[in-house]
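There's a structure below that I have some questions on.
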Protein chains: 2
Amino acid sequence: MDKKQHLLDTALKLFVEFGFHGTPTAKIAKEAGLSSGTLFYFFSTKDELVTSLYVDIKGKMTAAIMDDIEGETSIKKLIEGYFKTPLFWALNNPIEFSFTVQFSNSPYLNQVAAKEIDLHIAPFLTILKRGVKEGTLKNIDPQLIFALVRGHTFSIHQYLAENPADLEKQSKIIAESFLMLWEMIAVHS
Amino acid sequence: MDKKQHLLDTALKLFVEFGFHGTPTAKIAKEAGLSSGTLFYFFSTKDELVTSLYVDIKGKMTAAIMDDIEGETSIKKLIEGYFKTPLFWALNNPIEFSFTVQFSNSPYLNQVAAKEIDLHIAPFLTILKRGVKEGTLKNIDPQLIFALVRGHTFSIHQYLAENPADLEKQSKIIAESFLMLWEMIAVHS
DNA sequence: GTCTATACACCGATAGAC
DNA sequence: GTCTATCGGTGTATAGAC
């Protein structure tokens, strides 16, 4: 068994429930069945544990998106992947997703290098720019379109989290909400 | 001068910059030119200071919305108020708005009674229900429409915060983005 | 109401044995 | 690699004088 991973998993669960501040390292170690010393053997500081958890999760989410859009070239399909994949991923990994939301809206975000964040944003922005250039997307600032996709994702996630439903219904909501998003940002011919 | 209000103002500024955890009560008191003892004379715990700050700000935002939509009856105008007012309010009160975003995505939110939160949501939900019933809004769950409006607001705020522009341009973006939102949720005849 | 001084709990991190 | 034990620092909150 991988103890480092076990510590990450335990920390994740506790952070989401009690917050970063509300979760002492001693509690993480104890809950994981390990000692404080071991925790600090794997992570030199608490901040490193928190931020590496974020980088970890963000990487997994991005990987899922990349996997989904692999080989795609159509703007619509690409944006669909960037929108739907995180949502389906969130259905299967609610705690991980909650963590990223909490982290992204906390001052911890500043501790993650801008380059690390840009790494996930840049490719999507390139796609959006192409979409605007080609006339597939409305002629508005790609940064704004990016914000709209993000916000829409955020909306649907919030809704799904607060209104439990079976997978079929959830899938339907995600699919329909993508069409709403697409109508909003695409040029209709 | 109202020292309690001064403490609230100082705390607000520091919380947004350093986070709740990163801001000791002693620092708040010192920055406000007061002593720790005085702080705890006005607020019996730090948590009370944090949550009362939230309730305070939320109340002001809601008041601004209510003031804006006073006398309105048309669904479109009402939703426009609920969408635009917070955004314009955020332009003039960026720190306050940042605080609410940070607070809403932290475990502190659980410390605010559900009733307090519902107080701000319920009236808007009533309007949305009426809009769906009347056929002005698309026939989807009002809760979902609510989430969409929220997310859209979140998007535009994020965009405006990251892309500084003059007031005229900002106003234009807010106005145009409302139309995008309206097209998304309204029935087109 | 406001201050100074301080109690005292807690937490992050280290040292050193095994 | 993992543990136990513990240090030093920090932070909330209180006591009591003014």
Side-chain angles (χ1 to χ4, degrees), chain A residues 1-57 99 102-103 105-113, chain B residues 1-57 95 98-99 102-103 105-113:
Chain A
M1 56 184 167
D2 188 344
K3 309 210 168 171
K4 185 174 177 179
Q5 189 58 45
H6 189 215
L7 279 166
L8 284 168
D9 293 343
T10 309
L12 170 69
K13 207 172 55 188
L14 293 172
F15 284 152
V16 169
E17 187 170 357
F18 304 106
F20 307 120
H21 168 225
T23 309
T25 51
K27 193 176 178 180
I28 299 168
K30 194 181 172 186
E31 187 88 4
L34 296 167
S35 72
S36 247
T38 304
L39 187 152
F40 284 99
Y41 170 76
F42 287 113
F43 306 95
S44 57
T45 64
K46 183 183 181 179
D47 281 10
E48 195 198 306
L49 169 59
V50 175
T51 53
S52 81
L53 203 44
Y54 177 75
V55 172
D56 230 54
I57 293 173
F99 178 86
Q102 192 172 314
F103 186 95
N105 292 108
S106 81
Y108 270 103
L109 187 65
N110 301 323
Q111 286 184 33
V112 179
Chain B
M1 55 183 172
D2 189 345
K3 307 210 167 169
K4 185 175 178 181
Q5 189 58 45
H6 189 215
L7 279 165
L8 284 168
D9 293 344
T10 308
L12 170 68
K13 208 172 56 190
L14 293 173
F15 285 152
V16 169
E17 188 170 356
F18 305 106
F20 307 120
H21 166 226
T23 309
T25 51
K27 194 176 178 181
I28 299 168
K30 194 181 171 186
E31 188 88 4
L34 295 168
S35 72
S36 248
T38 304
L39 188 151
F40 283 99
Y41 169 75
F42 286 113
F43 306 96
S44 58
T45 65
K46 184 183 181 180
D47 280 11
E48 196 199 304
L49 169 59
V50 174
T51 52
S52 79
L53 204 43
Y54 176 75
V55 171
D56 230 53
I57 293 174
I95 301 180
S98 283
F99 177 86
Q102 193 172 314
F103 186 95
N105 292 107
S106 81
Y108 270 103
L109 188 64
N110 301 324
Q111 286 185 32
V112 179

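Residue numbering restarts at 1 for every chain, and letters A, B, ... go by the order of the sequence lines. The basis for the numbers below is simple: all heavy atoms, side chains too, and nothing from hydrogens, waters or symmetry mates. No experiment lies behind these values; they were computed from the predicted model shown.
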Inset, instruction - When you get a sec, tell me which of dT2(D), dT2(C), dG12(C) is the closest nucleotide to the side chain of Pro24(A)? - result: dG12(C)
Inset, instruction - Would you kindly give the CZ-to-C1' distance between Phe42(B) and dA13(D), to the nearest whole Å? - result: 16 Å
Legend entry - Spacing of Phe43(A) atom CZ relative to dC11(C) atom C1', expressed in whole Å: 18 Å
Inset, instruction - Ignoring the backbone of Tyr41(B), work out which of dG12(C), dG1(C), dT4(D) is nearest its side chain. - result: dG1(C)
Legend entry - Under-4.0 Å side-chain N/O to phosphate OP1/OP2 contact, Thr38(A) with dG1(D): no
Legend entry - Any Thr25(B) side-chain N or O less than 4.0 Å from OP1/OP2 of dT12(D): yes
Inset, instruction - Specify the separation, in whole Å, of atom CD of Glu48(B) and atom P of dT12(D). - result: 15 Å
Legend entry - Within the 6.0 Å centroid threshold, strictly below: Tyr108(B) and Tyr54(B): no
Legend entry - Closest listed nucleotide, where the reference is the side chain of Phe40(B) and the choices are dA13(C), dT14(D), dT2(D): dT14(D)
Inset, instruction - From the options dT2(D), dT2(C), dA13(D), select the nucleotide whose nearest atom is closest to the side chain of Thr45(B). - result: dA13(D)
Legend entry - Nearest-Å distance for atom pair NE2/P, residues His6(B) and dT2(C): 12 Å
Inset, instruction - Ignoring backbone atoms, establish whether Lys3(A) has a side-chain N or O less than 4.0 Å from OP1 or OP2 of dT2(D). - result: yes
Inset, instruction - For the pair Thr10(B) and Leu34(B), evaluate side-chain contact (heavy atoms from CB on, under 4.5 Å) and give the outcome as yes or no after the intermediate values. - result: CA-CA 11 Å; Thr10(B) 308; Leu34(B) 295 168; over 6 Å; no
Legend entry - Whole-Å gap separating C1' (dC10(C)) and CD1 (Ile28(A)): 15 Å
Inset, instruction - Anything under 30° is parallel, anything over 60° is perpendicular, the rest tilted; go ahead and classify Phe20(B) against Phe99(B). - result: perpendicular
Legend entry - Spacing of OG1 belonging to Thr38(B) relative to CD1 belonging to Ile28(B), to within rounding of 0.5 Å: 13.0 Å
Inset, instruction - Measure the distance from NZ on Lys27(B) to P on dT12(D) and round it to the nearest whole Å. - result: 12 Å
Legend entry - Spacing between Leu39(B) atom CG and dG1(C) atom P, to the nearest angstrom: 15 Å
Legend entry - Donor-acceptor pair, side chain of Lys3(A) and main chain of Phe42(A), under 3.5 angstrom: no
Legend entry - Atom-pair distance (NZ on Lys30(A); P on dC11(C)), nearest Å: 12 Å
